[in-house]
Protein chains: 2
Amino acid sequence: MSERQRRTLLEDVAREAGVSTASVSRVLNQAPHVSERLKAKVESAVARLGYVPDGSARALASRRIGAIGALVPTLDNPIFGTMADNLERQLKGHDCRLLLATYRYDLDDELQALRTLVQHGVDGIVLIGHEHHDQTYALLQQRQLPFVTSWQTSTTAQGPCIGFDNAAAARQLVQHLLGLGHRRFGIITAPFGQNDRARARLQGFTDTLTAAGCPAPQIEVVDYGIAEGAAACARLLTSDRPPSALLCGNDTLALGALLEAQRRGVRVPDALSITGFDDLPQAAFMTPALTTVSVPAKDIGIQAADALMGWIRHGHRPADITLEAQVKLRQSTGPVPD
Amino acid sequence: MSERQRRTLLEDVAREAGVSTASVSRVLNQAPHVSERLKAKVESAVARLGYVPDGSARALASRRIGAIGALVPTLDNPIFGTMADNLERQLKGHDCRLLLATYRYDLDDELQALRTLVQHGVDGIVLIGHEHHDQTYALLQQRQLPFVTSWQTSTTAQGPCIGFDNAAAARQLVQHLLGLGHRRFGIITAPFGQNDRARARLQGFTDTLTAAGCPAPQIEVVDYGIAEGAAACARLLTSDRPPSALLCGNDTLALGALLEAQRRGVRVPDALSITGFDDLPQAAFMTPALTTVSVPAKDIGIQAADALMGWIRHGHRPADITLEAQVKLRQSTGPVPD
DNA sequence: ATTATTTTTGTAAGCGCTTACAAAGCGTAC
DNA sequence: GTACGCTTTGTAAGCGCTTACAAAAATAAT
C-alpha cells in the first residue's frame with residue numbers, strides 16, 4: 001500500500017478549509033467571536049480529513065493538559081474504587097481525564113507520585129485526607145496548582161476540602177452503644193500513623209468512651225483485610241476481660257470480626273455487638289446486618305470533580321463542602337448482655 | 001515578595017552547567033555516550049536549580065508521554081480495582097503513569113474513551129476482554145498503538161492477550177456439581193451482550209450441562225449487585241421446579257444468592273449448592289465458604305504492565321500469556337439432596 | 001606523526017498546537 | 001462620505017523540550 005503517511009495536522013485542516021490555522025484552532029476550542037460560516041467551513045474540513053488534534057502539542061501551547069491527578073492510598077479497598085469510579089465519570093462530563101496514582105498509605109510515596117503528576121502537567125489534584133508531607137503542600141503551593149482534599153472535614157484548611165466528619169460519626173456509634181448499656185469496648189483499627197481518617201475515627205471512639213467514664217478500651221491495630229479483622233477479634237475475645245462491644249475502623253475489619261465471632265459461637269448481637277465504618281455493599285446483607293456508617297464515597301468523587309473543574313476553568317476557588325456520613329443502625333448491635 | 005518568576009528551564013540548567021541543552025537532555029534521558037564528567041556537571045546544576053522537566057514539552061518533542069491508558073468497565077467492581085491497583089503499581093516501577101477510563105460495559109463509550117486517550121497521546125492501552133467496537137481495533141491499528149487485551153484467553157487474537165480461560169473454569173465448576181449428583185441447575189449471570197467474559201462463563205456452564213444431558217437450566221440475567229443476586233435467587237427458588245444448584249457469574253451475585261437462600265431458610269449446601277466466580281476476599285469467609293474460581297486479577301495487572309512496557313520500550317510485541325484460574329472448592333457446594 | 005575510527009558534545013531545526021497582536025471587515029453616527 | 005467602534009480573521013512568535021546532523025575530541029591503527 002501507500003507508504004506510512006503523515007498524520008493530518010491542524011495546518012492541513014486550515015488549508016483544506018481555506019482559512020488560517022488560528023481560525024481552525026478557535027473553532028476547535030470554541031473560542032468566542034467565530035462566525036457561523038467559518039465554523040461550518042472548519043468543521044466540514046475536520047470531518048472530511050478525519051482530523052484528530054494532538055494532545056501533547058495542545059498541552060504545551062495552552063499549558064493545560066485536560067487531565068487531573070488523583071492520589072489514593074489504594075484501589076484494593078473498594079471504597080476508594082467507588083470514589084475513583086465516580087470521579088472519573090464526572091470528569092468525563094467536563095471533558096477531563098483522570099491520572100491515577102496510589103501510594104499504599106505511605107506519604108513519602110505520595111509525594112513522589114505527586115511530583116510525577118506535576119511533571120506531567122496535570123491541571124489539578126485530588127488528595128485524600130489532610131495529612132500529607134510538608135513538601136506535598138509546598139509543591140502544590142509553589143506550582144499554584146488547584147487541588148482539593150477529601151474524606152475528612154477540614155481542620156487545618158490547607159486547601160478546599162470535600163469531606164465528612166469521621167470523628168462525629170464515630171462518636172455517634174459509641175453513643176448508640178452506650179445507650180444500649182455497653183461499658184467494655186474493644187477497638188480494631190487500621191494503622192493510623194499516616195492516616196488521619198483512621199485517627200479521627202479512633203479519636204472519636206476513645207474520646208467519647210473517656211467522656212462517658214468507661215474503662216480504657218483494648219485497641220488492636222491491624223492491616224486492612226478480613227483475615228486481619230478476624231484475628232484481631234479472636235485476640236480480643238480471648239483476652240482477660242473480653243469486651244461486649246467491638247468498634248471497627250472499617251467494614252472489612254468488622255466483617256472479619258463478625259465472621260470470627262460467629263465461628264466461635266459468640267452470638268452477635270446477643271453476646272457481642274459489632275460496628276463497622278464505610279457501609280460497603282455487603283454490610284447490609286450480612287446476617288446480622290452490620291451497624292456501620294455510610295460514607296459518601298460516590299458524592300466525594302462527583303463533588304471533587306465539579307469543584308476542581310470550576311476552579312480550573314473559571315478560577316473561583318471552591319468552598320469547603322461537608323457531606324453527610326449517616327450512621328446505619330442495623331442488627332449487629334444490641335443491648336449489653338447481663 | 002519577588003514578582004512571579006519564570007520557571008527554571010532546561011536552558012537554564014545548560015547555562016548553569018556550562019554545557020549545551022542537548023547534553024542536559026541526554027543526561028536527563030540516560031542516553032548512551034555521556035561522559036561521567038558531563039553527567040556530574042549536569043546533575044549538580046539540576047539539583048542546584050531544582051529543575052523539573054516539563055512533561056508536555058517532552059511529550060511533544062519525543063512523541064511519548066510516559067503514560068498508558070486502561071479502559072475498564074467499572075471500578076465499582078473490586079476485582080477491577082485490584083487489577084487497576086496492581087497495574088498502576090507495576091507501571092510505576094517502569095516509570096510510567098496510568099490514565100484510567102471507565103465505560104460501564106458500553107462499547108460505544110469505550111470507543112469514545114479510547115479516542116480521548118489516543119488524543120492525549122498515551123503510549124499504550126490495556127483493554128479488558130476481546131469484544132470491542134470494530135473501530136476500536138481500527139483506531140489502535142491505524143495509530144500502531146501497542147495494546148494488550150486481558151481477562152480472557154484469546155480466540156481471535158487481535159492483539160497480545162493476558163488472560164485466563166473463563167469457559168474452562170466454568171466447566172470445572174459444573175463438573176464438580178455433576179459429580180455431586182446435581183441435575184437441575186439455575187444460572188444467575190450478568191448481562192453478557194457486550195461482555196465476552198460473562199458470555200464465556202455462561203457458555204461454559206450451559207455447554208457442559210447440555211453435554212451431560214441435564215434439563216435446560218433456568219437463566220436469570222441481572223445487573224451487578226448483591227441485591228440483584230438475592231432477587232434472582234428468590235425468583236429461582238420460587239419457580240415451579242427449583243434448582244438444586246445455582247451457578248453464579250460472579251461472587252457478588254453469588255453472595256446475594258447465598259444470603260437470600262439463608263434468609264429463606266434454605267440450607268446451603270444441604271438443600272442448595274451455590275458457586276461464584278472471582279474469589280473476592282469475602283468469599284472464603286462466608287459461612288458456608290463460597291465455592292468459586294480464583295481469578296488472577298493481580299497478575300493480570302502486573303503482567304499487562306510488563307508486557308506493554310516491553311513492547312513500548314524495546315519494540316518486541318509480547319506473546320500471549322495464559323494465567324491460571326483456580327477453582328476453589330469450598331463449603332457452599334455439596335451432594336444433591338435426595 | 002598521520003590518518004581512520006569511535007566517542008562525546010554542540011547547533012539548530014523542529015514537534016503541532018495556541019494566542020498576542022495586528023489587520024481587515026462591517027455597521028452606525030455624524 | 002468619512003470616522004469610529006466593534007467583530008472577525010490572519011500573521012507569526014512562541015510553548016520547552018528532543019534529536020538528526022555536524023563538529024570536535026579522544027583513541028586506535030598505520
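Every heavy atom of this structure was used, including side-chain atoms; hydrogens, water molecules and symmetry mates were not. So you know, we letter chains A, B, ... as the sequences are listed, proteins then strands, and number each from 1. These numbers were taken from a predicted model, which means no experiment stands behind them.
Checking the phosphate oxygens (OP1, OP2) of C:dT18, no side-chain nitrogen or oxygen of A:S62 falls inside 4.0 Å. Under 4.0 angstrom from either OP1 or OP2 of D:dC17 there lies at least one side-chain N or O belonging to B:Y51. Between A:R64 and C:dT19, a side-chain N or O to OP1/OP2 separation shorter than 4.0 Å is present. Between B:S23 and C:dG10 there is a side-chain polar atom (N or O) within less than 4.0 angstrom of OP1 or OP2. A sub-4.0 Å separation between OP1 or OP2 of D:dT11 and a side-chain N or O of A:T21 is absent. Look at A:S25 and you won't find any side-chain N or O under 4.0 angstrom from OP1 or OP2 of C:dT19.
Among the nucleotides C:dT9, D:dG16, D:dG14, the one closest to the side chain of B:A61 is D:dG16.
The main-chain N or O of A:C161 is found under 3.5 Å from a side-chain atom of A:D320 such that the two form a donor-acceptor pair. The main-chain N or O of A:L9 is found under 3.5 Å from a side-chain atom of A:D12 such that the two form a donor-acceptor pair.
To the nearest angstrom, C1' of D:dC17 lies 13 Å from CZ of B:R26. As rounded to whole Å, 14 Å separates atom P of C:dC17 from atom NE2 of B:H120. Rounded to an integer number of Å, the gap from A:K41 NZ to D:dT8 C1' is 11 Å. C:dG16 atom P lies 5 Å from atom CG of A:L9, rounded to whole Å. With rounding to whole Å, A:L28 atom CG is found 11 Å from C:dT18 atom C1'. In this structure, A:E36 places its CD atom 14 Å from C1' of D:dT7, rounding to the nearest Å. One interatomic measurement links the two molecules: CD1 of B:I65 to P of C:dC15, which rounds to 19 Å at whole-angstrom precision.
With no hydrogens or angles considered, a side-chain donor-acceptor pair links A:S25 and A:N29 at under 3.5 Å.
Looking at A:R63, its side chain has no donor and acceptor atom pair within 3.5 Å of the base of D:dG16.
With rounding to the nearest 0.5 angstrom, the OG1 atom of B:T82 is 9.5 Å from the NZ atom of B:K298. Atom CD1 of B:I302 sits about 11.0 Å away from atom CE of B:M83, to the nearest 0.5 Å.
Of the two residues near DNA chain D, A:H33 and A:A22, the one whose nearest nucleotide lies more 5' is A:H33. Between B:G18 and B:L60, the residue anchored nearer the 5' end of DNA chain C, judged by the nucleotide with its closest heavy atom, is B:G18.
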